[in-house]
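Here's the structure we're looking at; comments come further down.
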Amino acid sequence: MGGSEGSGDGSGGMPLIAIGASAGGLDPLESFFDIAPRNAGWCYVVIQHLSPDYRSMMDELLSRRSSMRIVHIDDGMVPEPDTIYLNRPNVQVWLEGRKFHVSSFNPDEALPHLPIDTFLTSLSKSRDLRSCAVILSGSGSDGTRGAQAMRAAGRPVFVQSPQEAAFGSMPRSALTVGAADRVLPVAEIPEAVNRMLEGMDVPKTESVTDPDVQAVITLLQRHHQVDFSAYKTANVHRRIERRQHLRGISQVREYFALLEQSPSALEELYHDLLIGVTEFYRDRDAFRHLREKVLEPLVARSSDDSSLRIWVPGCASGEEAYTIAIELSEVLRSAGIDRKFRIIATDMHRGSIEKASLGLFSAQAMDKIAPDLRDRYFNRVDDHYIIDPVLRQKLIFSIHDVLSDPPFLQIDLITCRNLLIYLSEEAQTRVISMFLFGLRQNGYLMLGPSESLGRFVSDFDQLNGRWRIYRNVSKRSSQDRFLSVGPRPAFPRMDLDMAEARRPAPAVPQTLPRGHSLQTDRDRLVHTYDALLKRYAPSSIVITVEGGVLAWFGLAAAYIDTLNNLADWTVEEIVHADLHFVINVGIERLRKGEDGAYERKVKVTLGENEVHSLAVKMETLQSKGQFRCILVSITRIENFEGPRPPEAEQGAIQQAVDDETMLSRRIQELERDLRLTEETLQHVTERLEASGEELQASNEELQASNEELQASNEELQSSNEELHAVNEELVSVSAEHERKIEMLSELNRDMELVLGFLKLGVIVLDEGLRIRRFSRLIGEVFHMEEHDVDRMLDVVGPRPGFVDLADLAREVLEGDRFVSRSGTYGRSPLQIRCFPFDRVLDGRQLRGVLMIFSGDELFSA
């Protein structure tokens with residue numbers, strides 16, 4: 001379980017709905033606002049990609065769909081309810097507190113700009129507003145990182161179904177990284193948002209002891225083997241309610257039924273409960289103090305043969321562990337010191353560990369890393385970065401539950417930020433005690449800004465209060481630390497890959513008698529185990545036939561050194577060097593088939609004035625299957641230097657000769673194999689050298705071609721990004737033009753309707769007496785067709801007997817005055833009024849004539 005940015009969920013204040021859209025976003029926006037409530041007190045913020053020099057008509061188009069006030073965002077503006085806010089071209093918008101802030105894009109910045117990510121990321125940090133994000137149609141991946149930030153902060157994210165979207169790249173990108181809470185058609189999103197907000201406002205009627213809530217928790221424990229009783233019940237309950245309301249379900253019992261039937265819904269809830277939020281250099285000031293107060297002193301006091309060990313529990317996707325590795329590498333680099341170090345990063349979520357192990361991160365995730373550090377510790381592959389293999393080898397990622405698994409030992413630094421805030425007080429005490437048990441004397445511990453040491457405050461010296469950096473100054477024994485923390489979780493953890501028949505049955509809790517002390521029984525049991533081991537387990541080392549060390553008991557621990565080696569537990573690495581000869585002889589005897597016991601005496605030098613005389617006995621232990629191991633028993637001899645009888649002296653010499661003879665034979669065999677290997681390698685090397693010369697020539701040609709292709713690829717990538725942005729703008733412009741055409745067509749129909757009611761006909765002429773336009777009634781009465789437009793009036797126009805329309809139009813143009821004529825047409829009275837007019841087209845002054853025909857009887861037919 002990773003850390004979180006905070007536990008607030010923004011459940012108070014005015015609802016703010018942030019909508020991100022790009023190419024093809026006009027249709028879903030119109031569909032959204034057709035259904036969105038207009039007087040519910042919601043605030044809408046629409047963020048789009050806009051061309052710097054393009055005047056968007058989005059405000060005009062949306063005003064036809066909604067009666068809410070529509071305004072463009074200006075710097076310092078405060079969001080208000082029942083209002084739609086639109087971003088302006090060439091600017092990025094973000095929230096600080098309850099105010100909008102606006103700044104122009106820097107022309108030197110790399111394309112494409114990501115205004116949706118910028119706004120959503122700022123909105124995720126606001127605690128004054130109840131907010132959610134909506135990702136609609138668009139190309140590219142803008143909005144993905146912002147959606148991740150919103151979801152990590154506990155804010156819902158609704159995504160338009162990619163199958164419905166005209167451009168599905170933006171919705172699909174948000175789905176790929178798991179940043180979506182609901183995937184819906186646009187028409188269903190407003191209602192889903194409404195149900196979510198109503199769920200936030202409904203008083204919490206279920207208590208944490210409600211049977212239905214407990215049933216949900218039990219279902220989670222059964223499927224994911226996590227004991228959620230150690231977590232704060234209010235937090236667990238709030239997360240369950242959040243997922244329930246996002247599903248549009250009002251009752252916990254109905255949600256439980258869904259979880260039983262839907263593994264995906266159960267996985268959603270499990271992922272939501274384990275809040276895995278992390279990033280590189282999160283709280284940069286904290287890492288600066290960690291470097292000054294911890295990493296630099298650790299490096300300064302380390303020796304050439306020492307190894308630094310760091311543990312990062314709850315590492316989530318690994319960014320914090322990699323950040324510490326980078327900072328420690330930089331400290332070593334600045335000091336000019338070469339030291340071994342190992343970072344153990346653990347988490348209980350398998351998916352997070354698998355992702356962290358890859359060491360693959362997007363370009364957006366690298367924003368907080370300085371360019372020089374990014375180039376030094378990462379390699380770019382397409383649009384992603386992968387951790388340098390040399391640094392990656394210094395980190396171990398492992399599945400580990402800090403609440404139930406034993407801690408790692410001999411640790412110099414533990415960083416566990418924002419994990420304890422989700423645990424109950426008892427669980428926090430248990431975890432801190434585990435950390436205390438695993439830390440070295442004067443080791444360091446770093447917690448989150450909102451976390452504390454509890455009753456262990458006297459065991460640590462505070463180095464920085466704001467960032468919770470401490471040094472271990474405890475004098476307690478390890479046994480006291482480990483056993484004084486109370487009972488461990490009763491929930492049985494099972495291996496998901498273990499066959500059902502082999503899984504251990506859950507332990508049945510025993511009822512203790514009244515007044516019985518659990519701590520007293522623990523102490524007695526430990527002392528009993530110690531007595532049993534001393535009496536029945538000899539001082540010995542258990543090794544494999546390959547030389548691996550499995551375990552050791554009693555006195556043998558004095559000849560084992562694991563402080564400087566974490567992974568390779570072999571005889572050569574961790575067993576005292578003076579025992580190597582006799583153990584290697586015993587292993588060789590086993591290889592030769594001599595299964596009897598093998599005994600020798602040897603001296604072991606531990607210090608300048610400390611020499612131990614040991615009797616070493618080796619015998620094989622047969623276990624099931626083909627796996628065999630060796631028991632190396634060690635007995636301390638007090639009078640090894642005393643006088644020995646000649647027979648014993650002679651026997652010892654003979655044994656030494658036999659041992660040397662056996663090892664000599666083994667050495668001869670190995671030398672023979674080595675010579676054969678050298679000859680084979682020599683032959684292979686000659687062939688490889690010949691092939692290498694050919695490959696070198698080919699490689700030079702390929703390298704030259706690769707450089708040319710790389711240059712071309714960079715140019716194409718830059719052009720593609722520009723074309724991508726232009727394409728989005730063209731799609732938006734085209735959609736807006738289509739809407740404008742529809743508006744003009746509707747306006748034309750309305751005008752024809754008005755003229756029909758007034759029983760008027762209209763003909764518009766240009767200066768050359770060409771017909772520019774005529775009304776529907778004129779076409780019906782005088783039998784004119786659409787193709788008559790742009791033809792001369794005296795060729796296709798009406799022919800009233802009392803006036804020549806062409807001469808009348810010339811008279812109006814020449815006299816620049818109104819002229820009227822009246823008469824009959826087909827026995828119906830007809831009045832013709834002509835008006836001169838001027839208009840401007842493309843900067844030119846044009847003249848024309850407007851003819852209005854009126855006659856109730858004529859046009860009523």
Salt bridge between [X] and [Y], side-chain N to carboxylate O under 4.0 Å?
X      : Y      : result
Glu60  : Arg739 : no
Asp74  : Arg88  : yes
Glu811 : Arg817 : yes
Arg772 : Asp790 : yes
Arg69  : Glu80  : yes

Output yes when a side-chain donor or acceptor of [X] lies under 3.5 Å from a complementary backbone atom of [Y], and no otherwise.
X      : Y      : value
Thr83  : Pro81  : yes
Ser124 : Thr121 : yes
Ser137 : Ala165 : no
Asp117 : Gly143 : yes
Ser173 : Ser169 : no
Arg799 : Asp794 : yes
Arg847 : Leu813 : yes
Gln160 : Pro171 : no
Thr118 : Leu114 : yes

Roughly how far, to the nearest 0.5 Å, is the [atom2] atom of [Y] from the [atom1] atom of [X]?
X      : Y      : atom1 : atom2 : value
Ser822 : Arg833 : OG    : CZ    : 9.0 Å
Phe361 : Met366 : CZ    : CE    : 7.5 Å
Phe100 : Ile73  : CZ    : CD1   : 4.5 Å
Ser854 : Phe859 : OG    : CZ    : 7.5 Å
Met851 : Ile778 : CE    : CD1   : 10.0 Å
Leu62  : Phe33  : CG    : CZ    : 6.0 Å

Quick one, [X] and [Y] - any side-chain contact, counting heavy atoms below 4.5 Å?
X      : Y      : result
Ile741 : Ser745 : yes
Asp142 : Pro115 : yes
Glu191 : Ile35  : no
Phe774 : Val789 : yes
Lys125 : Leu95  : no
Ser122 : Glu96  : no
Ser131 : Met150 : yes
Phe158 : Asp181 : no

Show every ring pair (Phe, Tyr, Trp, His ring centres under 6.0 Å) that has at least one partner inside residues 821-841, sequence neighbours left out.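 Every pair satisfying ring pair (Phe, Tyr, Trp, His ring centres under 6.0 Å) with a residue in residues 821-841: Phe782-Tyr825, Phe818-Phe835.
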Heavy atoms of other groups near Met751 CE, more than 12 under 6.0 Å: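 No - once you tally the heavy atoms of other residues, nucleotides and ligands closer than 6.0 Å, there are 12 at most.
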Would the number of heavy atoms belonging to other residues, nucleotides or ligands and lying under 6.0 Å from NZ of Lys99 be above 12?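 Atom NZ in Lys99 is not packed in, count stays at 12 or less.
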Heavy-atom pair of closest approach, residues [X] and [Y]:
X      : Y      : value
Asp82  : Arg38  : OD1-O, 3.2 Å
Val193 : Cys132 : CG1-SG, 4.0 Å
Pro28  : Leu136 : CB-CD1, 4.1 Å
Ala180 : Val159 : CB-CG2, 3.5 Å
Ala809 : Leu769 : CB-CD2, 3.5 Å
Pro37  : Ala40  : CB-CB, 3.8 Å

Quick one: which of Ile763, Val762, Leu760 gives a side chain to side chain contact (heavy atoms under 4.5 Å, CB included) with Phe853?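 Of the listed options, the one satisfying the test is Ile763.
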Residue pair Glu752 / Ser775, side-chain donor-acceptor N/O under 3.5 Å: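 Side-chain D/A pair, Glu752 to Ser775: absent.
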Evaluation steps, side-chain contact (heavy atoms from CB on, under 4.5 Å), between Ile84 and Ser66: CA-CA 9 Å; Ile84 301 174; Ser66 176; 4.1 Å; yes
Name all residues meeting the ring-ring contact (aromatic ring centres under 6.0 Å, His included) criterion together with Phe32; count only those two or more places apart in sequence or in a different chain, and write none if there are none.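 With sequence neighbours excluded, Phe32 shows a ring-ring contact (aromatic ring centres under 6.0 Å, His included) to no residue whatsoever.
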Who are the ring-ring contact (aromatic ring centres under 6.0 Å, His included) partners of Phe119, not counting sequence neighbours?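 For Phe119 there are no ring-ring contact (aromatic ring centres under 6.0 Å, His included) partners, ignoring immediate neighbours.
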List the steps, then state whether side-chain contact (heavy atoms from CB on, under 4.5 Å) holds for Ile19 with Val45. CA-CA 6 Å; Ile19 305 172; Val45 180; over 6 Å; no
Would you call the rings of His101 and Trp94 parallel, tilted or perpendicular, taking 30° and 60° as the class edges?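 Judged by the thresholds at 30° and 60°, the geometry between His101 and Trp94 is parallel.
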Begin with the C-alpha distance, continue with both residues' side-chain angles, and end with the deciding distance and a verdict on side-chain contact (heavy atoms from CB on, under 4.5 Å) for Leu61 and Leu29. CA-CA 10 Å; Leu61 298 174; Leu29 281 171; over 6 Å; no
side-chain contact (heavy atoms from CB on, under 4.5 Å), that's the test. Do Ile771 and Arg791 meet it? Break it down for me. CA-CA 6 Å; Ile771 299 174; Arg791 301 177 70 182; 5.6 Å; no
Passes salt bridge (Lys or Arg N to Asp or Glu O under 4.0 Å), Glu742 versus Arg64? Steps please. CA-CA 12 Å; Glu742 291 179 4; Arg64 300 173 60 239; 5.2 Å; no
